[in-house]
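Keep in mind the model is a prediction, meaning the values are calculated, not measured. Ligands are counted one by one from 1 in listed order, and the atoms in each one are counted from 1 as well.
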Amino acid sequence: METELHPQEIKLMKALPKNGERISTDNIRIFDSVTAERVAYWLSQKELVKIDEETKTLLKLTDEGRIVLENGFIEKSLLKNIPESGRIDLETLISKGIIKKNQVNIALAWLKKRGWAIFEKGERGLIITATEKGLAESESELAEEKLMKKLSESEIYLEDIPHNEKKYVDILKKRNILKTEKIKKRYISLTEKGIEILPKLTQSADTINVLTSDLIRTGEWKKRKFRHYKVDDRVEPIKIAKKHPLRQMAEKIRKIFLEMGFTEARGPLVESSFWCFDALYQPQDHPARDLADTFYMKRPKKASLPEKYIQAVREAHERGVDGSTGWGYKWCSEFAAKPVLRTHTTAVSARYLAKIKPPAKIFLIDRAFRNEAIDYKHLMEFHQVEGIVVDESVSFTDLLGMLEEFYNKLGFDRVRFRPAYFPYTEMSVEPEVWMESKKQWVELGGSGIFRPEVTKPLGINCPVLAWGLSLERPVMLLMGIDDIRTLYKNNIKWLQDSEVII
Ligand code: PHE
């Protein structure tokens, strides 16, 4: 059914010049240009029409140009105001308001260029005398003015301006009266094949184009013909939709923790300094709390503090717990009430410690923010995989074993732990995995056992294993990405081409 066409296609073909001449898509009255182009594309696939593309230069009046069009060229109005005597001095022109001070230079330059006036020095300054040419020409319509009028009335392209008129375009452009804009134009014409079948194109009213529920219900469809679809056309295979690699990783990790009996936690992105730092025994003059590292919020001005824990946290900071010495400074509750964008998800672990009863296993995968200069390794916004195990019977070796197992499940065979320091943990370690391709150990986050200065004030009296790991890093390692920004560029081609990593 080669020549069976969609009604839109028939309509378009009939609207095209029958002799194969081309016509711009904006000039096909029965369609808007978008529809015309789409239908033309179908027809071009069937070799019934040809589409040409051309870039053209549209001439447009500037705002200034529109004002000049209305008021006329300044040199013209100047000459019109010259009295019978044929001469006038500049001062008079200005004082009469015929010309503004800032227009003087342009007006004089054009009078001279056009040979419309001559100038001499008089007692009161410059005297302007109109020439014969000036008097005659300033009365008639100038070529530039004709062009301006045309531009204001219809779309004119530079390519359609006759050669001998191009100089006026240049003049108007220089005077900032006219500007140009490149525009893509598409033209459609019938091909020979198109011209040939044009007379045979009819579609009987009987043909069903769209099957509706009415046609089915009434049985009407049985009596009529369906328009044929060409189902064997070759089309580009579509790349299927795919989850973003970060999302894939987050879902995999979520599944691992849920299977291990963990409960998923949630907490606010805008957090009090109390939960982000103080409850984690981070001293108030700790550099991580500095403006250079932490985003402080203008609003809300103050975060609310959990009354119940303030005193115990204060004592831990000032004097320690269970015989430790604390930081030995005066703790300030106002400082703890400063709202921040949480710098780590460990703030949520602190909140949960105050809320749960042991034993408990809690995790979350969520965002954290730091005031970092952005580079291939750092973003201001990133994700952490946070977790705590609160249980009488757990120890440091359980922590190492769990993390090792966790990374094995993600596909990293060799895991090691490097001693580290965090104000809130003791012991503290940083898990690392071996990258064979780089022959190098790569750090993935922090972990440890919460200190009693953290747990006791929040009412927990058993060991708490804790970790806060990068979500982006393992994705980068598995995908061989060196620049963390790649993950956030939303480059659709990269997303389509990236392998499913999990
Ligand atoms: N909060 C730490 C970080 O952001 C990681 C961490 C979490 C360390 C829990 C120890 C315990 O780097």
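Close approach to Ala466 involves these atoms of ligand 1, each under 4.0 Å from a residue heavy atom: 9 (C), 11 (C). For ligand 1, the atoms closer than 4.0 angstrom to any heavy atom of Thr425 are 10 (C), 11 (C). The atoms of ligand 1 that sit less than 4.0 Å from any heavy atom of Tyr424 are 1 (N), 2 (C), 8 (C), 10 (C), 11 (C).
Looking at Arg370, His344, Glu430 and measuring to atom 12 (O) of ligand 1, the nearest heavy atom belongs to Arg370.
Note on Asp170 versus Lys166: no salt bridge recorded, every NZ/NE/NH1/NH2 to OD/OE distance being 4.0 Å or above. Using a 4.0 Å cut-off between charged nitrogen and carboxylate oxygen, Asp366 and Arg342 count as a salt-bridge pair. A salt bridge does not link Glu54 to Lys185: none of the charged side-chain nitrogens sits closer than 4.0 Å to a carboxylate oxygen.
Side-chain N/O atoms of Thr212 and Asp214 include no donor and acceptor closer than 3.5 Å.
For atom 8 (C) of ligand 1, the closest non-hydrogen atom of the protein is Gly446 C, 3.4 Å. Nearest protein heavy-atom neighbour of atom 7 (C) of ligand 1: Gly468 N, 3.2 Å.
Inclusion of Gln384 in the set of residues having an N or O under 3.5 Å from an N or O of ligand 1 is warranted. Below 3.5 Å of separation, one finds an N or O of Thr346 facing an N or O of ligand 1.
Residue contact check for ligand 1: Gly445 places no non-hydrogen atom closer than 4.0 Å to it. The closest approach between any non-hydrogen atom of Phe450 and ligand 1 is not below 4.0 Å.
Relative to the six-membered ring of Tyr352, Lys355 meets both conditions, a distance below 6.0 Å and an angle of at most 45° to the axis.
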- Check against side chain to side chain donor-acceptor pair (under 3.5 Å), Thr486 and Asp483: CA-CA 6 Å; Thr486 310; Asp483 190 329; 4.8 Å; no
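With hydrogens and angles disregarded, a donor-acceptor distance shorter than 3.5 Å links the side chain of Thr191 to the backbone of Glu47.
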